[in-house]
Novice: 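Could you have a look at this structure, given as structure tokens, before my questions?
This structure is a prediction, so every number in the text was calculated from the model and none was measured. For ligands, and for the atoms within them, numbers begin at 1 and follow the listed sequence.
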Amino acid sequence: MNTISSKTNLILCGALCLFLAWSTHAWSTPKTKQRTIKKVETIQVETPVGTAPRLPWQVWVTYSDGTHEWRQTRWMNSQLSTERQEANPELNPAGKTYTVEGFIIGDNTTENGYPITAKVSVTSQPWKVPSNTPAAQPLPLSDVVIKGDNRLTNNRDLAIKTILSWDVEQQLYNYRDTYGLPTEGYPKADGWDSPTTKLKGHGSGHYMSALAFAYASATKTEHKMQLRTRIQNMVDELRKCQERTFVWDSTLNRYWEARDYAPEEELKQMKGNWAAFDEYKKDYKHYGYGYLNAIPAAHPALIECYRAYNNEEWVWAPYYSIHKQLAGLIDIANVMKDAPTIRQHIEVSHHEKTPRYITNKEIADKALLIAKDMGLWVWNRMHYRTYVKTDGTVAERHAKPGNRYEMWNTYIAGEVGGMAESLSRLAEMVNDSTEKAHLIEAANCFDSPAFFDPVAKNVDDIRTRHANQHIPMITGALRSYITNNSPYYYNLASNFWNLVQGRYTYAMGGVGNGEMFRQPYSQILSMNTNVQSDFQRNMYPNPTINETCCAYNLAKLSKDLNCFDPDNAAYMDYYERVLYNQIVGSVHPEHWGVTYQYAVGMNASKPYGSETPQSTCCGGTGAENHVKYQEAAYFANGNILWVALYLPSEAQWRANTIKQDCEWPAEKSTITFKPAINKKLHTFSIKLRVPYWATSGFDVKLNGHSIAKKYKPSSYVEIAEREWSADDKIEVLMPFSPHINWGPDKMDIAATGKNETQTPFAPQWVGALMYGPLVMATPDIKEWKDAEFSLHSDLSDIQPNGASSETGFNGHLYTLTFNGKQFQPDYYQTENSTHYLRLNMETGKKSRSKKGVDMSSLKHALQIAKERVDRQTAWNALSVKTPAFSPWAPYGYARLVQQVNQAEEIIHKSTKAVTQDEVNAVTSTLNMAINTMRPGNLAEPEDLGELLQMLTKAKNNPDITTDLREAINYADMVVQYVNDGSGTRDLIDKALKLLCETMKSAEKTNE
Ligand SMILES: [Zn+2]
């Protein structure tokens, strides 16, 4: 290229392009007739009285050319007030019938899509629930090995190498510090486990889970040995810390327990600053029997007084980090209990003087013992010191410490992760009936009625909640169903999962904007209003949204739901979506770094910032993600084996080896069997997933013969029970074809870097190109103005180029060409790629509403806005206000009020005096104002003005000292948190103070 002058280059390109344009025109097959939707399956729903109807988020569609596909829907009952009315037994008694209007999105039959109607009948029968005994279990992690030289094995091996590089001593620092043991020689923890961060212990918990999963997934004995040494070290040292709380109290004539820590009057006086925490640490003897955490017991106690999320003065998320540590110990117990002890494993922690033989089973038992003792500490604290009061005003509910209704409904501070999941698992694992009963009780002490009750009725109270605070609560609720057998918990989990599918997910399976769920069906608006600004308030698109922890937790929830209903392929369709795209794509394949926010949207680069399990929450889940890709590949029960994912792998099941020969990702997989030596293969049936995207050419051959004529995508095809032989061969053929994953809302605005929050675009459907299970993204588009395309309805203008023949981490790479742009899978992308395009699919005529100007969307938005204004007004009228509990942060609220006024002006005009475009514009800005509001305790981008100014000054400093570099890094981190929606004002103040002081002292030194 560099030998040709740029001018010649231009001419050459011009000539070539002309030739290509002509050749495409001359040789491509003539455009076929547009295909239109001809038939949609009938949608009839029975809904128990007192619930909102479960409407499908995808429907089976037949096109005019005879082809079929699953298409996404948007239902018009998604307003909270409408759903509440539907769930009101007085308005909708048993026997009543009604209809709900909806649309197939991405279609141009009408402005809103292709119209569909659901017929709803209210019944006195409850929803059918499956048995509380799971109908299938995934094969244990250590029984499945991923094979080959591909992105999956590359990421796994990189993860194991990285996990081994992390220092155990550093993980132990906080525990020793918390239990009065010397810390010399132990490096201080960093990131969110650092001595000045109250999420301490979360990283150590993830570290333990990562060690366990890596042990199960490692293919080399030497790696297993090294991992085992670290596992044993953690377990031994943590037990030593825990034992320091076994304190006999002769007055009580029993051990000092959780309930004895900080009696109520003392609790009310407790401070949450760091100086106070230094004092609490000295009193480890009074944490209560079994307390195990990397921070003193004051931290979980303070949330009983409804202390807000604020790292410096109060709490972060006390039970979130407790959950991670319990989960880590339980994962160790589960992996090690059945793992054979290899003779070479006889190694010792270097803290022990005398070498001692310890079996894997002993390690597992010890890990379980620590987790159980801590689980019972939690039960003791919850049982004796907390309660639930749901009625009355907030002040009344706060009057006495320990009201769990309020504790768990507090932003971030009430984030409890999967406490219910861990406690339920413990209940399943212990034998003593009293302990079991206590752990079952403790699990449901983490129910959040304010969130659970509506969702259990299928009312979408997910909107505007913190995403990762709430997803694991649902996984916990589902796990508790095994022991409490209450359908409430199963229905809650099922409703949540289904609501999330249609209303909140992006194409790669993740959810959220910053860390928040926004309004339902607003993914495109959310994506385009996620902005960052400079100190002059210029707004730039910030496509780092879609927190990776949420993907991790939604994958886990899908796997767990699949255990109860393993023939419903939708769960594993979703699991595949989120694994193959976001999770596999969330680690840099060459040097370890995982994403916190992921990258979705326009010109998005993946922020691979998290390098250790303690660095961020996503550094923690990211430490686990890449050593458990196979966790949901196979499920089994009795004589049935489900092949849920097509991965190159070998699985051990009932003394048989099941081998899948395929590439990753796979369009063809060959499954064969091998019995154990001197054994016969068992008799069993096999169920194979027909992915939702396998719309053409799917086939299953048994020993060369197709087993069926037709296969319905998103189902399982069964090969009936038979005696298998080592000569049997199953071939699954699933050619990839393109389809579109549509955003549910049309795009009409985006930030463009000007001093404004929006630039109007003509409303247009927005979609991501998919190829089989893969989200395809392009590095060739950098701005929305270049992202607008017409698309033939049969997608024939998308050209698949097949897969490359190389192996290795970038091997077997699929590409597509569309309108001259190159597309590669999202997992492969690292920088500057675009996922969504403005797509005009040519599906028949647009029929504009003939009723004149349509104000329904504006009215809908205005109702949401007014509810928010009412809440803020009620709060403003309170005589005693806690600023941290103010419903809305001020700048966003001010924008809302301004937009409400504009909307009301328009709505009061006669429909003849306004145009549809004017109504659309006001609706759009009002929706934007709604979507960009934050809860009152959070900082807003506007709060960053002074800090950004100071940061610019600091970065322009000619001599950046080490101290100043640290202050700059801290400030950069705070700016990122605030932009992402998790930063507080005390963080800004701290960053500003640090910058000012460091710059002043640097100036003095220079003088
Ligand atoms: Zn996270």
Novice: Looking at Tyr552, does the NZ or CZ of Lys556 lie under 6.0 angstrom from its six-membered ring centre and within 45 degrees of the ring axis?
Specialist: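 Here Lys556 fails the 6.0 Å and 45° test against Tyr552.
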
Novice: With a 4.0 Å cut-off on N to O distance, would you call Glu624 and Lys628 a salt bridge?
Specialist: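 Salt bridge between Glu624 and Lys628, a charged N being under 4.0 Å from a carboxylate O: no.
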
Novice: Do Arg465 and Asp461 meet the salt-bridge criterion of a basic N to acidic O distance under 4.0 Å?
Specialist: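 Looking at Asp461 and Arg465, the cut-off is met.
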
Novice: Determine how many protein N/O/S atoms sit closer than 2.8 Å to the Zn ion (ligand 1), leaving waters out since they are not shown.
Specialist: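 For the Zn ion (ligand 1), protein nitrogen, oxygen or sulfur atoms under 2.8 Å: 4.
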
Novice: Any idea which heavy atoms bring Ala623 and Trp592 closest together, and the distance?
Specialist: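 Closest approach of Ala623 to Trp592, heavy atoms only: CA-CZ2, 4.3 Å.
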
Novice: Charged N to carboxylate O below 4.0 Å: is that the case for Lys606 and Glu831?
Specialist: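 Salt bridge: no.
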
Novice: Do you know the tightest heavy-atom contact between Gly510 and Tyr574?
Specialist: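 Result for this residue pair: N-OH, 4.5 Å.
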
